[in-house]
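First up is the structure itself, then whatever we jot down about it.
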Amino acid sequence: MVDQFPQALSIAGSDSGGGAGMQADLKTIQERHVFATTVLVAITAQNTLGVKDAFPLPTKIIDEQFAALDEDLQIKACKTGMLADVTRVKAVVANLKKYDFGPLTLDPVMIAKGGAPLLSEDAVIVVRDELLPLATIVTPNLPEAEKLTGQTINTTDDMQMAAKKLQNMGVQNVIIKGGHFENDNQSSDFVLLSNGRSFWLSAPRVNTANTHGTGDTLSACITAELAKGNSVEQAIKISKQFVDATIRDGIKVGHGHGPLNHWAYRKVEANAEV
Ligand SMILES: Nc1ncnc2c1ncn2[C@@H]1O[C@H](COP(=O)(O)OP(=O)(O)O)[C@@H](O)[C@H]1O
Ligand SMILES: Cc1ncc(COP(=O)(O)O)c(N)n1
């Protein structure tokens, strides 16, 4: 059979403000020329000023979304974002064990930039023990890596140690994002691959409050690149450049932590072609 157009899946929560969550995933996957599909796990009433309310969806409709996709589509890579609570994490784990949607990028979303919880405290252990071993790559920010490993992260050495711990927990590849090291003039992420290779991806830190959805965008881009058949290393490198462009070439939307410019990477690619 002729291969179908590359298809990727975002399993996440909706951000009504359009900057993060499933909306950021859809915009990113589309920008990478991959067909985006979705399993909606929760709905948030949210804007750039914060999360006003959140409503986790019943597991029945979560299961039905997975079944509908499996019946018809040929999904080559998937990612998880906001999973809300123990019930939803367990539902997603069960579905990912039931169906093959390709390599899983696990973005262990826990707390929104504005401070609102997007994953209940008791669900962290379920993510660690049940979802992490299913993932091809995990993409925690610093507070998420601290929660998952139980260690504090104050230095770059701590980041490397935490990455090794995560790998020992059963995930093949790890990227620990350094966006929260706000006193550094670089934004540096540490990558540890399944073959033991490790490296840093750094970019000059952009002095901006408009970083709503950076983590979602990075993990969605990795997912899109994996759906095209790129290696984990290629996918991570392209995604760092992609998210960097979306932050650097910013737009003004809303009055708080504004969203990214999801079409900024087009200019980078156009310049590269000249
Ligand atoms: N101010 C910034 N300037 C440049 N890159 C940034 C900035 N903030 C975050 N990043 C990058 O954005 C990506 C997402 O990181 P981070 O913001 O830590 O994730 P999250 O949204 O999950 O908290 C990483 O590649 C990080 O290095
Ligand atoms: C539905 C949803 N999913 C994820 C995030 C995390 O994004 P950020 O950490 O940039 O606030 C969010 N705010 N809302």
Side-chain angles (χ1 to χ4, degrees), residues 10-28 38-57 79-84 88 105-119 138-148 153 156 159 175-191 200-222 235-250 254 256-262 264:
S10 162
I11 304 157
S14 163
D15 167 9
S16 53
M22 181 153 290
Q23 284 79 353
D25 292 350
L26 286 171
K27 291 171 192 182
T28 304
T38 59
V39 167
L40 191 60
V41 173
I43 300 170
T44 68
Q46 186 176 173
N47 57 26
T48 66
L49 300 171
V51 178
K52 316 290 169 181
D53 203 359
F55 177 71
L57 292 177
K79 68 156 277 189
T80 53
M82 174 188 178
L83 298 178
R88 281 8 87 161
T105 300
L106 164 52
D107 185 3
V109 171
M110 294 181 191
I111 296 175
K113 291 256 155 60
L118 300 173
L119 183 74
V138 68
T139 67
N141 63 23
L142 295 178
E144 290 159 358
E146 288 186 323
K147 286 256 178 195
L148 288 170
I153 303 179
T156 50
M159 281 169 85
I175 173 167
I176 300 192
K177 301 170 292 189
H180 292 245
F181 266 142
E182 277 169 10
N183 50 1
D184 198 341
N185 59 9
Q186 295 281 310
S187 194
S188 304
D189 309 333
F190 181 68
V191 180
W200 288 90
L201 289 175
S202 296
R205 181 173 292 280
V206 183
N207 184 13
T208 176
N210 300 338
T211 55
H212 184 51
T214 46
D216 313 84
T217 298
L218 182 85
S219 56
C221 191
I222 292 171
I236 291 173
K237 286 181 173 166
I238 294 168
S239 301
K240 175 68 174 175
Q241 289 176 16
F242 182 90
V243 74
D244 185 62
T246 66
I247 303 167
R248 207 161 292 283
D249 192 0
H257 282 286
L260 308 173
N261 176 358
H262 277 103

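Residues: numbered from 1 along the sequence shown. Whatever order the structure lists them in is the order used to number ligands and atoms, beginning at 1.
With respect to atom 9 (C) of ligand 1, the closest heavy atom belonging to the protein is G179 CA, 3.7 Å. Closest to atom 16 (P) of ligand 1 among all protein heavy atoms lies T214 OG1, 3.8 Å. In this structure, atom 1 (N) of ligand 1 lies nearest to the protein heavy atom V206 O, 2.9 Å. For atom 24 (C) of ligand 1, the nearest protein heavy atom (residue, atom name, distance) is D189 OD2, 3.3 Å. For atom 23 (O) of ligand 1, the closest heavy atom belonging to the protein is H180 NE2, 2.7 Å. The protein non-hydrogen atom at the shortest distance from atom 26 (C) of ligand 1 is S187 OG, 3.4 Å.
Within 4.0 Å of ligand 2, contacts by protein heavy atoms are made from G13, S14, A20, G21, Q46, M82, V109, A112, K113, L118, T211, H212, G213, D216.
Some N or O of N141 is nearer than 3.5 Å to an N or O of ligand 1, by distance alone. Remark: ligand 1 and K240 share an N or O pair separated by less than 3.5 Å (distance only, no angle test). On a distance-only criterion, T211 and ligand 1 share no N/O pair closer than 3.5 Å. Ligand 1 has no N or O atom lying under 3.5 Å from any N or O atom of L218, backbone or side chain. For ligand 1, none of its N or O atoms has an N or O atom of V243 under 3.5 Å away.
For ligand 1, the atoms sitting less than 4.0 Å from at least one non-hydrogen atom of K177 are 14 (C), 15 (O), 18 (O), 19 (O), 20 (P), 22 (O), numbered in the order shown with element in parentheses.
With sequence neighbours excluded, no residue forms a salt bridge (charged side-chain N to carboxylate O under 4.0 Å, His left out) with K113.
Only the side chain of K113 comes within 4.0 Å of ligand 1, judged by heavy-atom distances.
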